[in-house]
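Read the structure below first, then the notes.
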Amino acid sequence: MKITYSIIAPIYNEIDNLPELHRRVKEVMDSAGASWELILVDDGSTDGSTEKIRELAEADKTVRPIIFARNFGHQVAITAGWDYARGDAVIIIDADLQDPPETILELAKKWKEGYEVVYAVRAEREGESWFKKLTAAAFYRLIYSITDVKIPVDTGDFRLMDRKVVDVLKQMKERHRFPRGMSAWVGFRQIGVQYNRAARVAGVTKYPFSKMLKLALNAITGFSYFPLQVATFFGFVSAGVAILAIPVVIYMRIMGSGAFFGQATTLIAVLFLGGVQLISLGILGEYIGRLYDEAKGRPLYIVRDAPEEQ
Ligand code: UDP
Ligand code: MG
């Protein structure tokens, strides 16, 4: 059977949200007038979500359960969803109903207009602590400023992607994954749709600060060389200061100043050698960055339209 929409929900201990998630997705998608499937990826839940997912799948054939052997993390759960999705459009949605399923129809509208990635932008965030909002806002802006690909701010994983985009994402086999960065990286026609992020229906966040930090690291290292280049920058600063200090010290000596007497050569030598070492580290960093790129093995280019034969 041809499927138009695949909705993917990663699930980690969301037992109390599952019936409501299923009910609301079903209500919305049945009104969309096209075939759909709901892919529930159980990311090693321990609260009985697994059995609940099996129950839902038993009762409703549009539900497709994918049960992980253990907790592999949100990003990997999304990836498994991409692998199993059969639809022409693939939608990722949180299982806690913070992303209202009703918004899917708005995403689908843009898709029908010809956009290949329609991401949902959070206009308001309800029921989240000021700490979460602050760290999230800082995170999005930091990522935006240092990554090479412009990853839209205030945007989570809630988005719709065309089959063409998902087929490209499936070729990106990097192990430390940042799906929203990956979907920005591929290009294609992209557009944002604003929505109000609701409070969780039940349960607590599965993203403690440690996991957020890990995600931020994946985003930075996956999409920027910035940390590898920091050493070069400081190296040039340090060596530059040393080189500038030489004429200054000579001038001071000529003028009869006793400042830095007996220390100047040592200070300059330390600064200069420190600088040289940092620059060398930076050079190593550049090579490691290139190795890292090769290891990620991302496609060199992505074609939107081309003649059938090469
Ligand atoms: N999730 C997951 N594996 C994890 C952590 C979270 O599949 O290791 C799922 C979770 O069940 C939810 C989504 O990822 O559907 C987003 O998690 P959460 O709502 O806890 O994050 P927050 O909205 O607080 O950032
Ligand atoms: Mg949530």
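Values in this document were obtained by computation on a predicted structure and should not be read as measured data. Numbering of ligands and ligand atoms starts at 1, following listing order.
- In summary, D154 and R141 engage in a salt bridge, as defined by a charged side-chain N under 4.0 Å from a carboxylate O.
- Between D94 and R200, no side-chain nitrogen of the basic residue sits less than 4.0 Å from a carboxylate oxygen of the acidic one, so the salt-bridge criterion is not met.
- The closest protein non-hydrogen atom to atom 18 (P) of ligand 1 is R200 NH2, 3.5 Å.
- Using a 4.0 Å cut-off to heavy atoms of G73, the atoms of ligand 1 that qualify are 3 (N), 8 (O).
- Counting only heavy atoms of the protein, atom 6 (C) of ligand 1 lies nearest to K206 CB, 3.6 Å.
- The closest protein non-hydrogen atom to atom 1 (N) of ligand 1 is Y12 CB, 3.7 Å.
- Nearest-residue assignment for atom 13 (C) of ligand 1 (options D42, L21, D96, D94; heavy-atom criterion): D94.
- Contact between M212 and ligand 1 is absent, with no heavy atom of the residue lying under 4.0 Å from the ligand.
- Protein heavy atom in closest approach to atom 21 (O) of ligand 1: Y207 CD1, 3.3 Å.
- In terms of polar-atom proximity, P10 is counted as a contact of ligand 1, with an N or O under 3.5 Å from an N or O of the ligand.
- Under 4.0 angstrom from ligand 1, the non-hydrogen atoms of E14 all belong to its side chain.
- When heavy-atom distances to ligand 1 are checked against a 4.0 Å cut-off, D43 comes that close only through its side chain, counted from C-beta outward.
- Between the side chains of D42 and S49, no donor-acceptor pair of N or O atoms lies under 3.5 Å.
- A donor-acceptor contact shorter than 3.5 Å is absent between the side chain of N218 and the backbone of F178.
- In this structure, E106 does not pair ionically with K109, as no charged nitrogen and carboxylate oxygen lie closer than 4.0 Å.
- Using a 4.0 Å cut-off between charged nitrogen and carboxylate oxygen, R54 and E58 do not count as a salt-bridge pair.
- Taking the Mg ion (ligand 2) as reference, the nearest N/O/S atom within D96 carries the name OD2.
- When only interatomic distances are considered, the shortest N/O to N/O separation between V204 and ligand 1 does not fall below 3.5 Å.
- At a heavy-atom distance under 4.0 Å, only side-chain atoms of N71, from C-beta outward, approach ligand 1.
- Using a cut-off of 4.0 Å between Lys/Arg side-chain N and Asp/Glu carboxylate O, K164 and D167 are scored as not salt-bridged.
- Looking only at heavy atoms of the protein, atom 25 (O) of ligand 1 is closest to K132 NZ, 2.9 Å.
- Checked for salt-bridge contact, R180 and D157 meet the test: a charged N lies under 4.0 Å from a carboxylate O.
- Ranking the protein heavy atoms by distance from atom 23 (O) of ligand 1 puts Q98 OE1, 2.6 Å first.
- Remark: side-chain polar atoms of D43 are paired, donor with acceptor, to backbone N or O of G73 under 3.5 angstrom.
- Near I11, meaning under 4.0 Å from one of its heavy atoms, ligand 1 places the atoms 7 (O), 11 (O).
- The distance from ligand 1 to the heavy atoms of A95 drops below 4.0 Å at these ligand atoms: 15 (O).
- For atom 8 (O) of ligand 1, the nearest non-hydrogen atom of the protein is K211 NZ, 2.9 Å.
- Contact annotation for R197 and ligand 1: only side-chain heavy atoms (C-beta onward) come within less than 4.0 Å of the ligand.
- Coordination check, T205 versus the Mg ion (ligand 2): failed, since every N/O/S atom of the residue sits at 2.8 Å or beyond.
- Under a 4.0 Å N-O distance rule, the pair R24/E27 does not qualify as a salt bridge.
- Listed for the T135 side chain is a donor-acceptor partner under 3.5 Å among the backbone atoms of K132.
- With 3.5 Å as the limit, one finds a donor-acceptor pair spanning the side chains of D99 and Y195.
- When all heavy atoms are compared, the tightest approach of N13 to T46 is OD1-N, 2.6 Å.
- Taking each of T205, I93, L40 in turn, the one with a heavy atom nearest to atom 24 (O) of ligand 1 proves to be T205.
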